[in-house]
Amino acid sequence: MAESNFVDYVTICCRSGKGGRGSAHLHRAKYVAHGGPDGGDGGRGGHVYLRGNHNYWTLLHLRYERHVFAGNGGDGGQSRSTGHDGEDRYVDVPCGTVAYDAETGQYLCEVKYDGQVALLLKGGRGGLGNWNFRTSTRQTPRFAQPGEPMEERTVILELKLLADVGLVGFPNAGKSTLLSTLSSAKPKIADYPFTTMEPSLGIVSYREGRSFVMADIPGIIEGASEGKGLGLRFLRHIERNSLLLFMVPGDTEDIKKEYGILLNEVATFNPGMLDKRRVLAITKCDLLDEELMSMLSANLPADVPHVFISSISGLGLTELKDLLWSELNSESNKMNDLSPTVPEDIASQNAMVHRDKTVEEIEELEDFDYEEI
C-alpha cells in the first residue's frame, strides 16, 4: 500500500484543556477600608471537536498528527477578572467518519455532512473565585476553587464511505469493471484476486441528468467477517450504503449458494445491514444465451430482484441502472437526509446501525498488514 494515499483508519490521542484556577485575591487600595474579596473565576478549558470537511476524502492528514491537545483555561485575577477560555481544537475529517473509544470500543459520534461539529472531549470548567463565596457571616473568604481537570482519550477514527449503491462480491466478480463501465472512475483492473486494494467511488449517470453514487470495495471471501482476507477492514464501507448490489459471475457452479455465502458474511459483520434493499447481478453473461439464462433464473433466490449483465458487451446495463434507480427511490428505501436541518428522530429506517467494537477487532485492525495477504 506504499503507493496509495487512501487512509480510512487512524488512532489519535485527544486531550481537552483543564480549567483555570479561581482567584482568592483581596482588594487592596488606598483609602478603601475592608475592600473585601474580588477574586475572579478561572476560564474553562478548551474542547476537542470533530468537524466535517468536504475537502477531505481520506484520513491521511491525521496519520501525521496523532496528538490533538486543546488549550488550558486561564486563572482568575483581581478585580473579578475572569481568566481566558482555553483554545478549542477542531479535527477536520471527511464526511462519513465515525469515532470510537480505543480502549472500550464504545461508539462516540459520527460526522455525516460538511460543517457538522461533534464534541469529542469537554474542557474542564474554571474554578470560582472567592468573590462567589462571600456571605453575611463570611465576608472575607480566603479560598477559591481549583479548575476541573482535563479529559484524555485515545480515539479511533474510521471512514465509512457515503454512497447510494455498494458492490458486494467475491474477488474477480467484475465489480471494478462494472464501476469503470458505468462511471468515469478508473479502478485498477486485473485477472488476479484482490486487485482492488482500496474502496473506489464513481458517479453513475442516469436519465434526465440524474445520478447516483456507487462504491466498490475489495472482494469478500468466506470468513471475511472473522478477519480473513480484506473483508473485515473494508466491510464497514458498505454499512452506509442505501442499497447493496451483490455480484456473482455467471460461470459459477451454484449462484444461489455463492449469494448465500456473501449475504451471511455481511449479516455476521453487522446484522443491521440485512434491513437494506438488495439486488443480485449475474455478471460475465456475454457468452450465455437466452435459454441458459432462463434455466439459471429458476434457481436464483426469489426474495431478491436479479438481472443478467455483461460489462464488456453492455448486456443488461440499462436494465441494471433502471432497477437500481427504482430500488433507491422506493418508499421503503428512502435514504437518510444528511442535511443539518433534518432532525435525527425522523431519520429513515435505512439510517446506519452503529455497533460498538470488541477489543479483538481493535487489535486486529491495528495489526493489519497488506503485505501478509
Side-chain angles (χ1 to χ4, degrees), residues 8 95-100 105-113 158-170 173 175 199 201 204 212-220 222-226 231-248 255-282 300-307 320-339 342-358 361:
D8 61 349
C95 300
T97 300
V98 184
Y100 299 90
Q106 179 186 6
Y107 162 75
L108 299 177
C109 61
E110 64 175 324
V111 176
K112 298 180 180 178
Y113 51 85
E158 281 189 352
L159 174 61
K160 301 184 179 183
L161 296 179
L162 295 171
D164 301 318
V165 180
L167 304 183
V168 183
F170 285 98
K175 301 185 299 299
L201 288 178
V204 180
F212 55 88
V213 180
M214 181 176 287
D216 173 28
I217 67 169
I220 297 174
E222 189 170 4
S225 58
E226 301 173 358
L232 182 62
R233 184 173 178 86
F234 292 112
L235 270 172
R236 63 176 177 268
H237 286 294
I238 59 175
E239 284 185 300
R240 288 188 180 277
N241 301 156
S242 178
L243 185 147
L244 301 181
L245 176 59
F246 288 81
M247 301 181 63
V248 180
I255 297 177
K256 186 175 182 179
K257 178 181 178 181
E258 190 160 312
Y259 166 75
I261 295 175
L262 292 171
L263 185 61
N264 178 67
E265 294 301 325
V266 170
T268 305
F269 176 74
N270 186 347
M273 289 198 288
L274 288 179
D275 297 330
K276 296 180 181 294
R277 302 285 291 182
R278 302 187 294 272
V279 172
L280 175 61
I282 296 86
L300 295 179
D303 59 340
V304 56
H306 65 271
V307 59
L320 175 63
K321 291 197 290 185
D322 290 338
L323 179 58
L324 294 177
W325 185 261
S326 175
E327 292 291 329
L328 284 172
N329 292 276
S330 63
E331 288 298 324
S332 61
N333 195 47
K334 292 297 184 182
M335 290 191 63
N336 186 17
D337 194 335
L338 301 182
S339 170
V342 177
E344 291 289 338
D345 57 356
I346 62 171
S348 72
Q349 64 179 25
N350 281 309
M352 181 175 170
V353 179
H354 292 287
R355 60 184 182 92
D356 295 339
K357 290 188 173 298
T358 63
E361 285 180 347

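This structure is a prediction, so every number in the text was calculated from the model and none was measured.
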Begin with the C-alpha distance, continue with both residues' side-chain angles, and end with the deciding distance and a verdict on side chain to side chain contact (heavy atoms under 4.5 Å, CB included) for Leu263 and Val304.
CA-CA 12 Å; Leu263 185 61; Val304 56; over 6 Å; no
Side chains of [X] and [Y]: closer than 4.5 Å at any heavy-atom pair?
X	Y	answer
His306	Ile255	no
Arg278	Asp303	yes
Leu245	Leu320	yes

Look only at the side chain of Thr268 and the backbone of Asn264, and say whether a donor-acceptor pair between them is shorter than 3.5 Å.
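Pair found, side chain donor or acceptor close to backbone of Asn264.
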Just by distance, do the side chain of Lys160 and the backbone of Asn241 share a donor-acceptor pair under 3.5 Å?
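Here the side-chain-to-backbone pair does not exist.
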Heavy-atom closest contact ([X] atom, [Y] atom, distance):
X	Y	result
Ala173	Met247	CB-O, 3.8 Å
Met214	Ala163	C-CB, 4.5 Å
Lys175	Val168	CD-C, 4.0 Å

Looking at CZ of Phe170 and CD1 of Ile261, how far apart are the two atoms once the value is rounded to the nearest 0.5 Å?
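CD1 of Ile261 is found 4.5 Å from CZ of Phe170.
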Straight-line distance of Leu324 CG to Asn329 CG, nearest 0.5 Å:
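That separation rounds to 11.0 Å.
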If the plane angle is over 60° it's perpendicular, under 30° parallel, otherwise tilted; pick one for Tyr259 and Phe246.
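Geometry flag for Phe246 against Tyr259: perpendicular rings.
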So among Val279, Val204, Leu328, which one has a side-chain contact (heavy atoms from CB on, under 4.5 Å) with Val165?
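Among Val279, Val204, Leu328, the one meeting side-chain contact (heavy atoms from CB on, under 4.5 Å) with Val165 is Leu328.
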